[in-house]
Amino acid sequence: MTATGGVKCWGAIFNSNGEPTESLTPTDVVGLDSGIVAITSGDNYDCAVTAAGGVKCWGDNRIGQLGIGMTNDTLNPPTDVVGLTAGVIDIAAGFQHTCALTVEKGVKCWNQRWNQPGLVAVVGLESGVKALAAGYAHSCALMETGHVKCWGWNQYGQLGRGFSSYSVTPVNVARLPFGSAADAGDVFRRCAPTSEGPDGCANAQVAEGSGEIALESPLIPLASMEHGGFIVSGANADHSCALLRNGVLKCWGRNNRGQLGIGERTFRIRPVVVDGLNEGIIAVATGGLHTCALTTTKQIKCWGDNRFGQLGDAPQEEPRLTPGSAVSGLPAGTVAVTAGPYHSCALTEQGGVNCWGINSTGQLGDGTREPRVGPVAVVGLESGIQTLTAGASHTCALTVAGGVKCWGNNNTGQLGVGSTDPLLAPADVIGLPTGIIAVRAGQYHTCALADDGRVWCWGDNSTGQLGDGSTGRRLLPVAVGGLPAGTVGITAGSGHSCALSRGGTVWCWGINRRGQLGDETTESRLKPVRVSGISTAIQITAGATHTCAVTRREGAKCWGYNAFGQLGAGISSFQWIPSEVLVETD
């Protein structure tokens, strides 16, 4: 854009017949020689805001990205966007969608979905927006309050929430360190700054729920990890898995029921490739004796123990030693999976929840105690859920509104409803603050992370896993004391819990007989202690009696119980300090 408000472009140019030509030097855009106040570029198309507040777009329009009420032509020169002839002050183009900021500080977008070129107002962003940014299939808005809200596709964690389920409405990005909207304004269009510099983009593969590791901090780039993936463990599991950037899944540790998916039942002390996964994997969940993976085609495949139907088909006496066919009966478009010891659950694109497997304490949430060999809908959770987590015999869900609902076994108060009665359908956890951004179920306890960095836990506390300095069970959430300011991630194991600080340190509390707290002792702790030798962690996860962290530069490290090789360090003796996971990327 020139000083007089003109526009010049260079590179590939599409003519009115959709045929590309090239310009190797800046060329005047027809009709835009003055009066332009903002410009943006998408994929083979461009848009400009005029001084009068109108929007003009030109270029590829095969799916309506120009907003002109038609989809079958590639147009050049610029054409007015229907419904935006005035009142626009800024604009942002993604891959094939565009959003405009209005004088009312609201947001309007077009072509948010295939073959829907019409202009729509973004729900919840009718006012109070300061700036916009658009990515491949997601968008973000900087609010005048200094908060950032994002919406759209989230397969690689681009919404900055610590999980990979997408959102059809704007949700708050977790823990951005903006002091004010003014401070944030001139860094918003690239990425949020971090202590390491201004390159902290939220762009990483993540997964949901206990049994998965999630990028809880949106401020640290996963791309710098040496092995390129993340570690996953379940609260009741003695095996672990790493998902590499290329979609290859490797697992290690206990394998008595085929949970490693390698065609045999011998445990492995270092990572091995899961057999028979012929398509890319984007998320994985480790249950007690089984494993489930979410594919790029949004299907779920499971393997290992199936005595209670937790693989999503009829129970079988012998375990499945390699991934089978996709779980049938799930709604189209599954976006997340979680697994307990004997049950599994999936999250749909619409934010609904389906579960299958054992149901003796109501952990499937369908209002019964009947076991299910195929998916059944959880009562009252047809939409509005953004992530799931499964404990030994209970399940919890994080809502889009930032609340937590739990169901199933409640013998130690792990549902957080003020009683020990089991629940066959979801109920709201009582006493949590607003703005919960993560929830993790341990074996018989549960923890949640609020957007202000505080951690809350409830349920079994016999080994100090709630971190409140006591060993008495809690039927309602209590705050974890002694954590550094700025917690951005949590995880829960069988009898211990851990938190990730914004600075990259890891803090754990609870039972420590196998060194699962990583503080170079086997002394149990009622309050958080810092894990030794970890200062650049970006992800954490807890298994039954071991813990793992992905670090920014050193790759992945695990510590604790290791009788089945679940630390992936090539040995089978337990380690009370973090040991490197031997994940090879080839």
Side-chain angles (χ1 to χ4, degrees), residues 149-151 154 157 159-175 202 206-218 235 283 285 294 334-340 345-355 363 365 378-391 394-408 414-417 423 425-442 445-459 477 487-492 497 499-500 539-541:
K149 294 177 178 287
C150 296
W151 63 100
N154 193 32
L159 302 191
R161 294 280 289 175
F163 35 79
S164 60
S165 55
Y166 81 107
S167 178
V168 296
T169 57
V171 292
N172 285 324
V173 173
R175 301 297 296 161
V206 296
E208 287 75 26
S210 176
E212 300 89 327
I213 182 63
L215 178 60
E216 302 289 2
S217 170
L294 176 65
T334 302
V335 295
V337 60
T338 190
C345 295
L347 179 68
T348 70
E349 286 183 337
Q350 293 73 34
V353 181
N354 290 264
C355 298
Q363 55 263 58
V378 175
V379 175
L381 298 189
E382 295 81 12
S383 62
I385 301 302
Q386 54 180 316
T387 191
L388 300 172
T389 181
H394 75 292
T395 315
C396 294
L398 176 64
T399 70
V400 171
V404 178
K405 294 177 179 287
C406 296
W407 60 95
Q414 59 264 51
L415 302 188
V417 295
L423 297 177
D428 291 322
V429 174
I430 299 171
L432 284 175
T434 58
I436 298 298
I437 61 172
V439 59
R440 297 290 181 265
H445 74 291
T446 313
C447 293
L449 172 64
D451 58 8
D452 61 5
R454 290 182 297 169
V455 178
W456 301 77
C457 296
W458 59 96
T487 298
V488 295
I490 55 171
T491 189
S497 309
L500 171 65
Q539 302 170 353
I540 57 173
T541 185

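A pairwise comparison of heavy atoms in Pro426 and Val378 identifies CG-CG1, 3.4 Å as the closest pair. When every heavy atom of Ala450 is checked against every heavy atom of Trp456, the shortest pair comes out as CB-NE1, 4.5 Å. Ala285 approaches Val337 most closely through the heavy-atom pair CB-O, 3.7 Å. Minimum interatomic distance between Ala492 and Ala235 (heavy atoms only, all atoms of both residues): O-CB, 3.6 Å. For the pair Gly453 and Thr487, the tightest heavy-atom approach, listed with the atom from each and the gap, is O-CB, 3.2 Å. Across Thr446 and Cys396, no two heavy atoms sit closer than the pair CG2-SG, 4.0 Å.
With Thr389 as the partner, the side chain to side chain contact (heavy atoms under 4.5 Å, CB included) test is satisfied by one option alone out of Val439, Val404, Leu398: Val439.
Atom-to-atom distance recorded for Lys405:NZ and Leu423:CG is 11.5 Å, nearest 0.5 angstrom. One finds the CD1 atom of Ile437 at 4.0 Å from the CG atom of Leu449 (value rounded to the nearest 0.5 Å). Taking OG1 from Thr491 and CD from Gln539, the interatomic distance works out to 11.0 Å, rounded to the nearest 0.5 Å. If you take SG on Cys345 and CD1 on Ile385, they are separated by 11.5 Å, rounding to the nearest 0.5 Å.
Within the 3.5 Å criterion, the main-chain N or O of Gln350 finds no donor-acceptor partner in the side chain of Ser383.
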Inset, instruction - Apply the test side-chain contact (heavy atoms from CB on, under 4.5 Å) to residues Trp458 and Ile430: give CA-CA distance (whole Å), side-chain angles for both, the deciding distance (0.1 Å), then the verdict. - result: CA-CA 10 Å; Trp458 59 96; Ile430 299 171; over 6 Å; no

